[in-house]
Asks: 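Dropping a structure here in structure tokens format, bear with me for questions.
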2 protein chains.
Amino acid sequence: MTKKKTTIKDIANVLNISAAAVSKALHDDSRISEKTKKAVKQVAKNLNYQPNHLASALRSGKSNLVGVIVPRTNSNFFSSVLQNIEEVLNKEGYNIIITQSNESYKKECDNIDTLLYTQVDGIIASMANETVELDYYEKVKSKGIPLILFDRGENDLNVDYIGINDYESSHLVVNHLVDNGCKRIAHIGGYKRTRIFNNRIRGYIDALKKHNLPLDTELLTESGLTIEDGREKMYQLLNLKKRPDAVYVAGDYAALGALQVLNEENIKIPDEIALVGFGNEPFTDMVTPRITSVNQHSEEIGKQAALTFLKYNKEKVVKQSLNKIILSAELIIRDSSNKKALLT
Amino acid sequence: MTKKKTTIKDIANVLNISAAAVSKALHDDSRISEKTKKAVKQVAKNLNYQPNHLASALRSGKSNLVGVIVPRTNSNFFSSVLQNIEEVLNKEGYNIIITQSNESYKKECDNIDTLLYTQVDGIIASMANETVELDYYEKVKSKGIPLILFDRGENDLNVDYIGINDYESSHLVVNHLVDNGCKRIAHIGGYKRTRIFNNRIRGYIDALKKHNLPLDTELLTESGLTIEDGREKMYQLLNLKKRPDAVYVAGDYAALGALQVLNEENIKIPDEIALVGFGNEPFTDMVTPRITSVNQHSEEIGKQAALTFLKYNKEKVVKQSLNKIILSAELIIRDSSNKKALLT
DNA sequence: TTAATTTGCTTAATCGTTTAAGCAAAAAAT
DNA sequence: ATTTTTTGCTTAAACGATTAAGCAAATTAA
């Protein structure tokens, strides 16, 4: 069973024409007769011919492959972005290669190397939490390959970016909480070095100011936003002399950890403490009480990222500049913060 | 900024040696002097040389790429399998390309074409629910590329398979429920045409028999196991004249749907109805009450799948046969079924 | 009828790397 | 001192496709 793969030459031999003619026939070149085209395609089918991507990509300099780097696939947000990127790019004849960084800078660099090595035509990425050095991304740029960032981006790279308005989102959340009578609003934030989390923190601070609420530094913390982080920070907040009456968490997983602690401590949600998450992960709608969260429009982000790449796909010399597409987020109000609903 | 990529030839020119010598130096060929090797590597670094994978793969016939097909990445099970496959393969110099079928047969076929086209050295896959025809998988086999299936497999393909003992798992579940005093145990199963779901159903039936419990066909249903399916089937069960006192659901998402209905209808879990899911998705430990579920050992499945591929990676002619690695599953007992804990 | 154009192919070079074969110089063995 | 072996390279042919250039035959134009 030493199945030799069929090549263009095999087809040429069968029909007694040149390999070049076969190649052209398969690409519907106008200089090949309809008769020959039909014959070639028939033989190709008979011999179960599958073009060798490596050869054509090597020759033409285009792999029709786009690399995507995400911190993890195991999240509704990223998985949904991936699906939408794929959908848009498939239609244009591109295929995507998905790699995960697991939030590790080292892994992210490896991923970039892998993708460059695979000769992808472009890279769409969301940076790992850890990433602060941009040398590897500069490498991508210096190869002349379009680089598109989403969600976790970086202005300094001067490339296209698609994301939501994190600063504005925090305002949405705080407005909503104030609207529900909350006066001591805590924020369990992500690490400030990551731009999106920094923006959420800035938005939180400015929104408090807007409502003439004092900023209590005890109520503002940074973490990796895992479930465990959420639990830990929630315990810290409960141990304060003056507990908050609302907690706005910059990530749903951490919000879940906070929820667990509140439930375990028999604290009434939202009456005693209201809770808001971020990301609108499906489980926010599954737990008790359901968690209010911010929808990040993953579908649109995926689509826009893919379309942005396609903008470059024909250009020979890629000349990118900081070009941001900022979508406005949407607050999904659920039981964990909706005191008003309880009043009626 | 028309950055021409550095090739092996550029390095050769700088040092006034042949391209072949450079290639060999980079691969630490024993017939190249240490002095030359050092010089080559230095120049390679200076010129920021990145090997062209397309060229080397084309020439050597090995791409060092392994394709993985999963129904979706947005599930803890698959995401964890992916991570472990990647970890094992990366160590051996392989990279993985992840594709999603979204449970669609059509998409799965496209994925296979993409992977073959990319000239992967092997394919590791878990089949879509929809998949019944095996022609596309036969195509992979006929190309002489190793094919490894996990979780959702198919005996008829005669290839390696890694999974858990689904039949035995159902016994674990039923034993546990009987042990907790349940006598009318329902099963919300997956579609029988998918082997794993069929095995869970067979295990359920045989386990009832073992415990001398009658099999009531009203209590046994098939579905796609989405959250919505779980809700629907749970309503059906609640509308029966004789309600079950336990429900064993073949998937965690459907179990969650069932849980929502039970909670909404104010039915006491596990007292009135006990609930058991399958898959040990993280949310089973997040909801109220926490759902008893079956741990499928995703880490081990991923590792074994990768190792199985590596077994073939040196062989010229791949000769596969039905070779199953069956791991035994583990029942994670939580509140939703643990009546005994309540008694003490 | 002859020139110009179009059609339908072929030839050969090329993409960047690997690798079999070969060959001179150096080192080791006799 | 001569033969054998080893070392360190070079040359050239591949891998399978694409593509620029070219050329004869068929068609159209003048």
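Predicted, not measured: the structure shown is a model, and the values here were computed from it. Here is how names work: the chains are called A, B, and so on, in the same order as the sequence lines, proteins then strands, and each is numbered from 1.
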Asks: Looking only at side chains, do B/Thr36 and B/Ser33 share a donor and an acceptor under 3.5 Å apart?
Replies: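 Yes, because at least one side-chain N or O of B/Thr36 sits under 3.5 Å from a partner of the opposite role on B/Ser33.
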Asks: Please enumerate all residues that pass ring pair (Phe, Tyr, Trp, His ring centres under 6.0 Å) together with A/His297, with sequence neighbours excluded.
Replies: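 Residues passing ring pair (Phe, Tyr, Trp, His ring centres under 6.0 Å) with A/His297: none at all.
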Asks: Which part of the nucleic acid does B/Leu54 contact within heavy-atom distance under 4.0 Å: base, sugar-phosphate only, or nothing?
Replies: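 It contacts nothing in the nucleic acid.
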Asks: With a 4.0 Å cutoff (strictly under), does any side-chain N or O of B/Ser33 reach OP1 or OP2 of D/dC9?
Replies: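 For B/Ser33, the contact criterion (side-chain N or O under 4.0 Å from OP1 or OP2 of D/dC9) is met.
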Asks: Report the distance from atom CG of A/Asn13 to atom P of D/dA17, rounded to the nearest whole Å.
Replies: 12 Å
Asks: Nearest-Å distance, CD (B/Gln119) to C1' (C/dT17)?
Replies: 16 Å
Asks: Ignoring backbone atoms, establish whether A/Ser18 has a side-chain N or O less than 4.0 Å from OP1 or OP2 of C/dT10.
Replies: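 For A/Ser18, the contact criterion (side-chain N or O under 4.0 Å from OP1 or OP2 of C/dT10) is met.
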Asks: Quickly work out the A/Tyr117 OH to C/dT17 P distance and round it to whole Å.
Replies: 11 Å
Asks: Scan residues 89-96 of chain A against DNA chain D and write down, sorted by residue number, each residue with any heavy atom closer than 4.0 Å; if none is found, say none.
Replies: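 None - not one residue of the stretch has a heavy atom sitting under 4.0 Å from the strand.
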Asks: When A/Thr131 is tested against each of A/Arg193, A/Glu108, A/Glu103 for side chain to side chain donor-acceptor pair (under 3.5 Å), which residue passes?
Replies: A/Glu108
Asks: I'd like to know if the side chain of A/Gln320 pairs up with that of A/Asn158 as donor and acceptor (distance under 3.5 Å, no hydrogens or angles considered).
Replies: no
Asks: Are A/Val70 and A/Val81 side-chain neighbours, meaning at least one heavy-atom pair lies under 4.5 Å?
Replies: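 No; the side chains remain at least 4.5 Å from each other.
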Asks: Nearest of C/dT10, D/dA17, C/dG16 to any side-chain atom of B/Asn52?
Replies: C/dG16
Asks: I'd like to check A/Arg72 versus B/Gln83 (side-chain heavy atoms, cut-off strictly below 4.5 Å). Are they in contact?
Replies: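 Side-chain contact under 4.5 Å: no.
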Asks: Could you tell me the separation between the NZ atom of A/Lys9 and the P atom of D/dT18, rounded to a whole number of Å?
Replies: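 About 15 Å, once rounded to whole Å.
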Asks: Within the modelled atom types, does a donor on one side and an acceptor on the other bring the side chain of B/Arg59 and the base of C/dT17 under 3.5 Å apart?
Replies: no
Asks: Compute the angle between the rotation axes at the two ends of the helix from C/dT1-D/dA30 to C/dT30-D/dA1, each taken over five pairs, rounded to 10 degrees.
Replies: 40°
Asks: Let me have the donor-acceptor pairs involving side chains of residues 115-128 of chain A, under 3.5 Å, with sequence neighbours excluded, atom names and distances please.
Replies:
from	atom 1	to	atom 2	distance (Å)
A/Thr118	OG1	A/Thr114	O	2.5
A/Asp121	OD1	A/Ser63	N	3.0
A/Asp121	OD1	A/Ser63	OG	3.3
A/Asp121	OD2	A/Ser63	N	3.2
A/Asp121	OD2	A/Asn64	N	2.6
A/Ser126	OG	A/Phe150	O	3.0
A/Ser126	OG	A/Arg152	N	3.4

Asks: Can you sort out the partners of B/Phe77 under ring pair (Phe, Tyr, Trp, His ring centres under 6.0 Å), two or more places apart, ordered by chain and number?
Replies: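 Counting only residues at least two positions away or on another chain, B/Phe77 forms no ring pair (Phe, Tyr, Trp, His ring centres under 6.0 Å).
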Asks: Could you check how far NZ of A/Lys38 sits from P of C/dG8, rounded to whole Å?
Replies: 14 Å
Asks: Kindly state which residues belonging to residues 22-32 of chain A come within less than 4.0 angstrom of DNA chain D, counting heavy atoms of the residue only, listed by number.
Replies: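 Close to the strand are A/Ser23, A/Lys24, A/His27.
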Asks: Nearest whole angstrom, please: distance from the C1' of C/dT7 to the CD of A/Glu34.
Replies: 13 Å
Asks: Report the residue from A/Thr73, A/Asn74, A/Asn76 that forms a side chain to side chain donor-acceptor pair (under 3.5 Å) with B/Asn74.
Replies: A/Asn76
